[in-house]
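To keep things clear, I will list the structure first and then write my remarks on it.
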Amino acid sequence: MTPNRRLFGTNGIRGLVNKELTVEMAASIGSAIGTFFKGGNLVVGYDARTSSPMLANAVISGLIATGCNVLFAGMAPTPTLQYTVKDYKADGGVIITASHNPPEYNGIKVLWSDGIEISREQEIEIENIFFDGKLSYAGWNSLGTIKPLSGIMDRYIEAVKRHVDTAKIASKSFHVVVDAANSVASLTIPRLLREMGCKVTTINANIDGTFPGRLPEPRPENLKELSLAVRALGADLGVAFDGDADRSIFVDEKGEIHWGDKTFALVAKHFLKENPGEKIVTPVSSSTLIKDVAEAYGGEIVWTKVGSVVVSHTMKALNAKLGGEENGGIFYGPHLAVRDGGMATALILNIMAKEGQPLSKMLEELPKYFIEKGKVECPERLKDMVLEKLIEKVKGSNLSTIDGVKAWFEDKSSILARPSGTEPLYRLYAEAKTAEKAKKLILEYETIIKGIIDSLKSS
Ligand code: MG
């Protein structure tokens with residue numbers, strides 16, 4: 001699928017079905033995963049994609065061939081499967097999902113016994129087993145078994161409810177519109193909300209792996225229907241999920257769509273009010289808003305590289321209880337240090353119930369920032385040298401070089417320049433108190449990076 005002995009990308013194995021990711025490969029990958037786990041009990045489940053049952057069956061065959069016992073969960077949201085691994089004290093898990101990618105894609109995620117995705121080092125072990133063909137097959141009399149699981153949605157819903165004040169939420173009789181992206185969010189979210197006393201209206205709730213309602217990435221341009229529905233129905237909240245329900249994007253009662261930074265900052269603010277001094281883990285691409293909230297409410301920000309797995313692993317290492325991403329991923333450690341759209345929705349409703357204020361008002365009270373994006377073409381071979389020179393240029397300001405280079409300035413503006421992992425590009429993200437300043441920063445850094453590239457090319 002990818003050259004140089006790599007199977008795993010930033011979020012598991014991903015590829016075009018029957019082209020980059022075939023049944024034959026899925027079976028071999030299953031056996032490589034089984035060899036890595038050396039037997040044991042693994043939870044296996046999948047998302048709503050048309051290819052998911054096909055690939056799941058192949059992976060399961062591969063796993064039991066190596067002597068692994070499969071706890072078969074069937075179709076379920078990613079966060080439910082992650083919780084199930086922990087809940088059933090399984091040795092790990094495998095999820096067939098391509099998250100927010102278009103319907104022609106699918107993928108494979110591998111979980112450790114705590115329900116969190118395995119580390120990069122563990123992925124390399126599986127890649128080595130796969131590419132070296134060192135599959136360890138079991139004898140005919142020690143093959144694995146398949147045991148179907150039942151009731152995992154109920155157990156997950158009960159677990160989420162334990163972390164919020166359900167009586168308080170029920171007392172408000174919130175009306176929530178759920179956009180389930182025609183996928184697995186339908187299996188847990190409407191029930192979770194009804195059990196918390198909410199009135200629920202659903203759109204795109206019929207499960208259909210062709211995603212007829214909208215693309216599974218919950219970007220603002222895909223959520224116009226949700227925004228209109230919230231306004232037309234006079235609902236209190238709208239929430240949209242991605243294809244495997246680990247990310248959630250919220251719409252306020254006025255129909256305004258809010259990007260994940262803002263709702264994460266709101267959750268962080270309320271979490272820090274009750275847990276002062278705690279760590280908040282977030283990628284360096286997140287808004288300064290999170291930093292402002294942490295400073296105002298006595299929290300400590302831990303910046304990470306971009307990617308949900310690194311947020312989970314950092315939370316695990318530091319025993320941090322809250323993490324978040326600008327794309328709508330919220331990680332609530334007391335439940336499980338993975339992003340979870342259901343847990344995030346329960347936390348937002350909990351805040352709305354406690355504060356007795358509409359979402360729009362609470363988000364309005366947060367500091368405001370303007371965001372601009374840009375990009376500069378950069379040949380692959382020059383990327384590292386460009387970064388070195390760029391760090392020289394911005395030395396002296398408040399810096400992080402954990403992923404690309406991010407600089408925060410006195411006037412609360414900031415810029416992040418990151419080499420793209422997939423394209424010959426540098427990506428720029430600027431943030432400032434005015435739109436003009438953010439644009440100016442992008443132009444300034446585009447010029448600086450172009451200058452560095454030109455000088456490197458001519459030297
Ligand atoms: Mg996802």
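We count ligands from 1, going down the list as the structure has it; atoms in each ligand are counted the same way. The model shown is predicted, which means the values in this text are computed figures rather than measured ones. Both backbone and side-chain heavy atoms feed into the values below; hydrogens, waters and symmetry mates do not.
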* List nothing but the number: protein N/O/S atoms under 2.8 Å from the Mg ion (ligand 1). => 4
* Asked: Got a sec, which residues hit ring pair (Phe, Tyr, Trp, His ring centres under 6.0 Å) with W259, two or more places apart in sequence or on another chain?
  -> none
* Asked: Using 30° and 60° as the class limits, which term best fits the ring planes of H335 and Y83: parallel, tilted or perpendicular?
  -> parallel
* Asked: More than 12 non-hydrogen atoms from neighbouring residues, nucleotides or ligands closer than 6.0 Å to NZ on K375, yes or no?
  -> no
* Qualifying residues under ring pair (Phe, Tyr, Trp, His ring centres under 6.0 Å), relative to F130, sequence neighbours excluded -> none
* Asked: Can you tell me how far CG of L363 sits from CD of Q357, rounded to the nearest 0.5 angstrom?
  -> 10.5 Å
* Could you list the residues that satisfy salt bridge (Lys or Arg N to Asp or Glu O under 4.0 Å) with E274, not counting sequence neighbours? => K354
